[in-house]
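Encoded as structure tokens, the structure appears first; notes follow it.
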Amino acid sequence: MRAKKPPFEPDKIYQHALYLHNEGKLKEAEGLYKMLLDFFPDQVEVISALAALLLQLGQQEKGIALLKKSLSLNPLQPSALFNLGIELQKQTLLEEALQRYDQALALNPKDINVLINRGNTLKDLKQYRDAISSFERALSIQPSSASAHWNKALTHLLIGEYEQGWREYEWGWECGERGRVRKFTQPVWLGEESISGKTIFVYREQGLGDLIQFSRYLPLLEKQGAQVILEAPASLISLMRSISKTIIVLEDNQPLPYFDFVCPVMSLPLAFKTTIDSIPAEVPYVTINQDKKKVWREKLGVKTKPRVGVVWSGSMTNKIDLNPCARRNIPLEQLKTIFELPLEFHALQKEFRPEDEALIVGIKNIQLHQYELHDFSDTAALIQEMDLIVSVCTSVTHLAGSLNQPAWVLLPYSADYRWMLNANDSKWYPSIKLIRQTKINDHTGQVKELLKGLKAKFSV
């Protein structure tokens, strides 16, 4: 600490800095924190506060360095340990992140946020039982913690414990993970009441791929004697209508006719008490528009080489990609060797990331169709003209699987719960083969396996 007395009252400045920080006036708060540290360079509370602010500004390297400095001065700071754990987790330094969370818990054993983050770190470390124990420990402290229930649900589903998983999955509404909660006067149907002679309204809650995957349950509702009304986005209307001629399919936000029960589409596995052994996997359960099939056949012309449809990145707004362990996208640069094979490649995605746009122009052996894929029935018809689909985990994967078209899916290190563990096949889609990433942030092995598989399959 400097001997020079500051020309201000430190406590007042610190409290004002905290106020500005909490109000989101980060640059103003940053200036005050730094002014305090000019006079009190070893003040741990100020160092930790400035570290948290820099992390908010995206200055991870500086923020982490300050957190470590603060903890070296005083290791008994639960919040600094927690914040450091979060940053280490983001950098996939999972063992070190776990150590920091454990240190924070030693100081404050009842911090459920630490317990939840710790559980997710253990899940990424593939220590699933320990992860569930961490979530359960959080729930023993706060039984109504929706986030703990939700993450526990995903872990149960991942390891195939569907009975517990689907039940806990309902907590997703409470923590916002299942989208906007919709209120109806009609009761939610979760399989308890008879729906024979009744009308049930089913609506989408999450991604487009989720609706494609779980729409397989709609014919099962009809088998129980129900009239089904399905709400879907415009891009899926045509495809969803192909499931059954008697299902009423309405576009999102249209006036709804009378119905007796309502069920979000991803609550249907719970309603049907789905287990690993009872997944309804009769495919295809969607069909191709024959007129569109004819259009694509004429457009593509006579096939002279095997045709492979490819998708290397999904939606640019999906927050799952913020977790490097679960990031679905593969940089196009890393797939360039694939396109050197004597095959006919077709891009099945409509969006291209900025870093891929310039690169894709230089790849001559890939045809682009983003302006011709108006909805999923167009994509479905194009898929049927392919000999194989190669895709990361996107809606195209689910579309190919629902059509019973052969597809190889490139999965991230911590794959989504629906793909379960270790297996290279899918219980949801018999036509799908899974190629898993074995190292975080490293697609080298995956691309080698894909290249080897393509050469063997097509004898090239």
Side-chain angles (χ1 to χ4, degrees), residues 209 212 283-284 286 288 292-314 328-353 356-357 359-373 376-412 419 424-426 429-437 443-460:
I212 295 171
V283 288
V286 295
I288 302 293
K292 292 187 176 184
K293 179 178 179 178
K294 182 180 178 183
V295 167
W296 278 113
R297 184 154 290 183
E298 291 176 353
K299 176 178 172 56
L300 298 182
V302 177
K303 181 167 64 174
T304 58
K305 301 175 184 177
R307 288 173 174 155
V308 179
V310 291
V311 177
W312 59 92
S313 70
R328 304 166 303 159
N329 309 303
I330 298 180
L332 184 59
E333 174 71 33
Q334 296 186 30
L335 290 172
K336 285 178 69 176
T337 55
I338 304 300
F339 301 118
E340 294 170 3
L341 294 175
L343 304 170
E344 185 180 303
F345 291 96
H346 295 261
L348 303 182
Q349 60 190 64
K350 296 181 67 173
E351 284 186 325
F352 301 114
R353 294 172 183 269
D356 290 339
E357 286 183 351
L359 191 61
I360 199 168
V361 175
I363 300 176
K364 304 303 181 185
N365 192 23
I366 185 169
Q367 298 182 36
L368 309 182
H369 304 290
Q370 68 269 39
Y371 302 116
E372 299 155 293
L373 300 174
F376 279 89
S377 64
D378 295 312
T379 309
L382 179 56
I383 283 174
Q384 193 137 54
E385 295 304 307
M386 300 293 112
D387 296 291
L388 177 68
I389 306 301
V390 173
S391 177
V392 294
C393 179
T394 68
S395 53
V396 172
T397 297
H398 296 286
L399 182 55
S402 69
L403 290 163
N404 200 30
Q405 291 295 301
W408 294 355
V409 183
L410 304 168
L411 294 181
W419 308 118
N424 63 1
D425 61 353
S426 167
Y429 300 113
S431 65
I432 278 180
K433 172 187 173 182
L434 306 174
I435 301 176
R436 298 178 182 270
Q437 186 182 32
H443 296 286
T444 306
Q446 219 174 6
V447 173
K448 283 183 179 178
E449 184 178 348
L450 172 60
L451 189 62
K452 180 180 178 181
L454 288 171
K455 288 178 177 180
K457 180 175 178 63
F458 296 114
S459 301
V460 294

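You'll find the ring centres of H346 and W296 outside the 6.0 Å limit.
For K350 (side chain) and L373 (main-chain N/O), a donor-acceptor pair under 3.5 Å exists by modelled atom type. No donor-acceptor distance shorter than 3.5 angstrom exists from the side chain of N365 to the backbone of P342, with no hydrogens or angles considered. The backbone N or O of K293 lies less than 3.5 Å from no partner atom in the side chain of Q384, so there is not a single donor-acceptor pair. Of the possible donor and acceptor atoms, none in the side chain of N424 sits under 3.5 Å from a partner among the backbone N and O of K433. Of the possible donor and acceptor atoms, one in the side chain of T397 sits under 3.5 Å from a partner among the backbone N and O of V392.
Evaluation of the salt bridge (Lys or Arg N to Asp or Glu O under 4.0 Å) rule for D356 yields no partner, not counting sequence neighbours. Applying the side chain to side chain donor-acceptor pair (under 3.5 Å) test to Q370 and every residue at least two apart in sequence or in another chain returns nothing. By the side chain to side chain donor-acceptor pair (under 3.5 Å) test, Q405 is found to be paired with no residue, residues two or more places apart in sequence or in another chain being considered. For V283, the side chain to side chain contact (heavy atoms under 4.5 Å, CB included) partners are Y285, N404, P430, not counting sequence neighbours. A search for side chain to side chain donor-acceptor pair (under 3.5 Å) contacts involving S395 returns nothing, not counting sequence neighbours. By the side chain to side chain donor-acceptor pair (under 3.5 Å) test, K299 is found to be paired with E372, residues two or more places apart in sequence or in another chain being considered. Remark: E357 engages F352 in a side chain to side chain contact (heavy atoms under 4.5 Å, CB included) (not counting sequence neighbours). Taking A380 as the reference, L239, I288, L399, L403 meet the side chain to side chain contact (heavy atoms under 4.5 Å, CB included) condition, with sequence neighbours excluded.
A 4.5 Å side-chain heavy-atom check between F376 and I212 finds at least one atom pair inside the cut-off. Taking 4.5 Å as the limit, every side-chain heavy atom of R353 sits out of range of all side-chain heavy atoms of P331. Residues W312 and I360 are in side-chain contact: their nearest non-hydrogen atoms beyond the backbone lie under 4.5 Å apart. Side-chain contact between W408 and L454 is present, with heavy atoms from C-beta onward closer than 4.5 Å. At least one side-chain heavy atom of L335 sits under 4.5 Å from a side-chain heavy atom of V447. With a 4.5 Å cut-off on side-chain heavy atoms, V409 and S391 do not count as touching. F339 has its side chain within reach of V310: a pair of non-hydrogen atoms, C-beta onward, lies under 4.5 Å apart. Proximity of L359 to K336: side-chain heavy atoms (C-beta onward) are separated by under 4.5 Å at one or more points.
Checking L382, V311, I383, V308 one by one against I389, the side chain to side chain contact (heavy atoms under 4.5 Å, CB included) holds for a single residue, I383.
The structure places CG of L411 at 9.5 Å from CD of Q437, a figure rounded to the nearest 0.5 Å. For the atom pair CD1 (I338) and CG (L332), the distance works out to 11.0 Å, reported to the nearest 0.5 Å. Interatomic distance, CG of L451 versus CD of Q446, reported as 13.0 Å (0.5 Å rounding). Between the NZ atom in K305 and the CG atom in L343 there is a gap of 8.0 Å [rounded to 0.5 Å]. Separating the OG atom in S426 from the CD1 atom in I432 is a distance of 5.5 Å, to the nearest 0.5 Å. Here CG of L450 is found 5.0 Å from CD1 of I435. Values are rounded to the nearest 0.5 Å.
Across all their heavy atoms, M386 and L300 have their closest contact at CE-CD1, 4.1 Å. Nearest approach of A347 to L368, heavy atoms of both residues: CB-CD2, 3.8 Å. Listed here is the closest heavy atom pair of V286 and S402: CG2-OG, 3.3 Å. Here the shortest heavy-atom pairing between S431 and A400 reads OG-O, 4.1 Å.
Residue pairs satisfying the salt bridge (Lys or Arg N to Asp or Glu O under 4.0 Å) criterion with at least one member in residues 379-403, sequence neighbours excluded, are listed as follows: R297-E385, K303-D387. Judged as a salt bridge (Lys or Arg N to Asp or Glu O under 4.0 Å), the pairs with a partner in residues 337-346 (not counting sequence neighbours) are, in order, R307-E344. Sorted by first and then second residue, the salt bridge (Lys or Arg N to Asp or Glu O under 4.0 Å) pairs involving residues 396-407 (not counting sequence neighbours) form an empty list. Listed by first and then second residue, the side-chain hydrogen bond (donor to acceptor under 3.5 Å, both in side chains) pairs that reach into residues 448-460 come to none, sequence neighbours excluded.
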Determine, stepwise, if the pair D425 / L434 fulfils side chain to side chain contact (heavy atoms under 4.5 Å, CB included). CA-CA 6 Å; D425 61 353; L434 306 174; 5.9 Å; no
Check step by step if side chain to side chain contact (heavy atoms under 4.5 Å, CB included) holds for S313 and R328. CA-CA 7 Å; S313 70; R328 304 166 303 159; over 6 Å; no
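Ring orientation note: the planes of H398 and W419 are close to parallel, at an angle under 30° on the 30°/60° scale.
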